Protein chains: 2
Amino acid sequence: MGTDTDKTGAAEELAATAAREASAPAVDVGPLAGMVGYVLRRAQLAVFDDVITKFAALDLRPAQYSVLVLLRHTPGLKQSDVAAALGIQRANFVVLFDGLERRGLARRSAAPNDRRSYALYLTEEGEKVLARANVLQAAHEASLDAKLGPSGREQLLGLLGRLAKRD
Amino acid sequence: MGTDTDKTGAAEELAATAAREASAPAVDVGPLAGMVGYVLRRAQLAVFDDVITKFAALDLRPAQYSVLVLLRHTPGLKQSDVAAALGIQRANFVVLFDGLERRGLARRSAAPNDRRSYALYLTEEGEKVLARANVLQAAHEASLDAKLGPSGREQLLGLLGRLAKRD
DNA sequence: TATTGTTATACTCTATAACTATA
DNA sequence: TATAGTTATAGAGTATAACAATA
């Protein structure tokens, strides 16, 4: 984007963007706008887009971040516990955790009473990366708060929590 | 599940389920429970699980349903319009729409003023399938309302709408 | 030059079956 | 028998580059 001579100034780029948005009046999605599933999906994609962009510098995906957060909060969990808590298939979690371990962010430790399983922990490096990610996450959350307002955030978490309940 | 002699009665199955849930107290996800992105993602997955299950009888995916709804609301849109409105890449929309056309649910019609593009329409069969899907969708939405309460639904749509805005 | 539809391709995420070693 | 971890694999969904036809 603008890597060469860059004859177009910032003002012209803004004008171009405005024109593009004005000339493309965004087709009305009709009844979809009133369907929770559709609106929920679009919102989730928009939020993840921002998180993924912010985490890109750390080469961290949202799912990887959630594992780091969970292990920081509850060290020593076994793979099945973490996978189940995060809604990840055990089989897929193996590969995900392999990536974290290969990068030295987390480790598998022999479990005390059960030779089938591992106790999972963050490494010191993992703690560092998590700390940096938490800063980005806080900024992300702040930008959401700007859109939601102070009470909106708590309202939203409450409503979404009801939807996530499996029953 | 209980395909053979089935010595276990319904009461015992219920007890087993209760025990399973009691013995697996669902690991606390800690700080994740307060992060909008995480809660949003889990809610979206739960909601989609229900929709996908309900639509399975029609062999319809959420994205396919959204195309039918949009074409019913605004017939004659071209592929780029529909794809952009739904946040689907043009290239991927081609394949998606091929599936609908192959099943006779929608059709590509020659566009009046532009020989590059098609005007898209539902077929009569598509209208029928959409009508059946709308019944299932209404039931789905009703089950969400039961979880959200009457005002919760509108609150949620409003809050999610703010998150989906790209700026 | 820009847009529309298209093909091909690759990458991520997810789901399932099957295996091993332990319990 | 059941559970924990693992491997392999297949299916969605998504993103990008490149091309032909048309504007």
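In what follows, chains are A, B, ... by sequence order, proteins preceding strands, each numbered from 1. Everything numeric here is computed off the predicted structure, so don't read it as measured data.
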For this session: Kindly compute the distance separating CD1 (A/Ile88) from CD (A/Gln79), expressed to the nearest 0.5 Å.
Result: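 With rounding to 0.5 Å, CD1 (A/Ile88) is 11.0 Å from CD (A/Gln79).
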
Problem set entry | Reported CZ-to-CZ distance for the pair B/Arg102 and B/Phe97, which is rounded to 0.5 angstrom |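 If we round to the nearest 0.5 Å, B/Arg102:CZ and B/Phe97:CZ are 12.0 Å apart.
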
Exercise. Nearest nucleotide by nearest heavy atom, which residue falls closer to the 5' end of DNA chain C, A/Asn113 or B/Ser80?
Worked result: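 Its nearest nucleotide lies further toward 5', so the answer is B/Ser80.
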
Exercise. Nearest nucleotide by nearest heavy atom, which residue falls closer to the 5' end of DNA chain C, B/Ala91 or A/Ala91?
Worked result: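 Its nearest nucleotide being more 5', the pick is B/Ala91.
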
In this structure, how many angstroms lie between the [atom2] atom of [N] and the [atom1] atom of [X], rounded?
{"X": "B/Leu96", "N": "C/dT6", "atom1": "CG", "atom2": "P", "value": "13 Å"}
{"X": "A/Tyr65", "N": "C/dT12", "atom1": "OH", "atom2": "P", "value": "22 Å"}
{"X": "B/Arg115", "N": "C/dA2", "atom1": "CZ", "atom2": "P", "value": "22 Å"}
{"X": "B/Phe48", "N": "D/dA12", "atom1": "CZ", "atom2": "P", "value": "16 Å"}
{"X": "A/Gln44", "N": "D/dT14", "atom1": "CD", "atom2": "C1'", "value": "13 Å"}
{"X": "A/Ile88", "N": "D/dA4", "atom1": "CD1", "atom2": "P", "value": "16 Å"}
{"X": "B/Tyr118", "N": "C/dT3", "atom1": "OH", "atom2": "C1'", "value": "15 Å"}
{"X": "B/Gln64", "N": "D/dG11", "atom1": "CD", "atom2": "P", "value": "16 Å"}

Exercise. Are any of the side-chain nitrogens in A/Asp50 or A/Lys54 under 4.0 Å away from the carboxylate oxygens of its partner?
Worked result: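 Result for this pair is yes, salt bridge flagged.
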
Problem set entry | Lys/Arg N to Asp/Glu carboxylate O, B/Glu125 vs B/Arg103, below 4.0 Å |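 Answer for the salt bridge query: no.
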
[X] side-chain N/O to [N] phosphate OP1/OP2 under 4.0 Å:
{"X": "B/Gln79", "N": "C/dT4", "value": "no"}
{"X": "B/Arg116", "N": "D/dC19", "value": "no"}
{"X": "B/Lys78", "N": "C/dT4", "value": "yes"}
{"X": "B/Arg108", "N": "C/dG5", "value": "no"}
{"X": "A/Arg90", "N": "D/dT7", "value": "no"}

Exercise. Side chain of B/Gln89: nearest nucleotide among C/dA23, C/dT16, D/dT16?
Worked result: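 The answer is D/dT16.
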
Exercise. Just wondering, do A/Leu156 and B/Leu160 contact through their side chains at under 4.5 Å, heavy atoms?
Worked result: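 Contact flag for B/Leu160/A/Leu156 side chains = yes.
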
Exercise. Is any side-chain N or O of A/Asn92 under 3.5 Å from a base N or O of C/dA15, one able to act as donor and the other as acceptor?
Worked result: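 Answer yes: a donor N or O sits under 3.5 Å from an acceptor.
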
Exercise. NA contact type, A/Phe93, heavy-atom cut-off 4.0 Å: base, sugar-phosphate, or nothing?
Worked result: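 No contact.
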
Problem set entry | Closest-nucleotide 5' rank along DNA chain D - winner of A/Ala119 and A/Arg41 |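 Between the two, 5'-proximity favours A/Ala119.
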
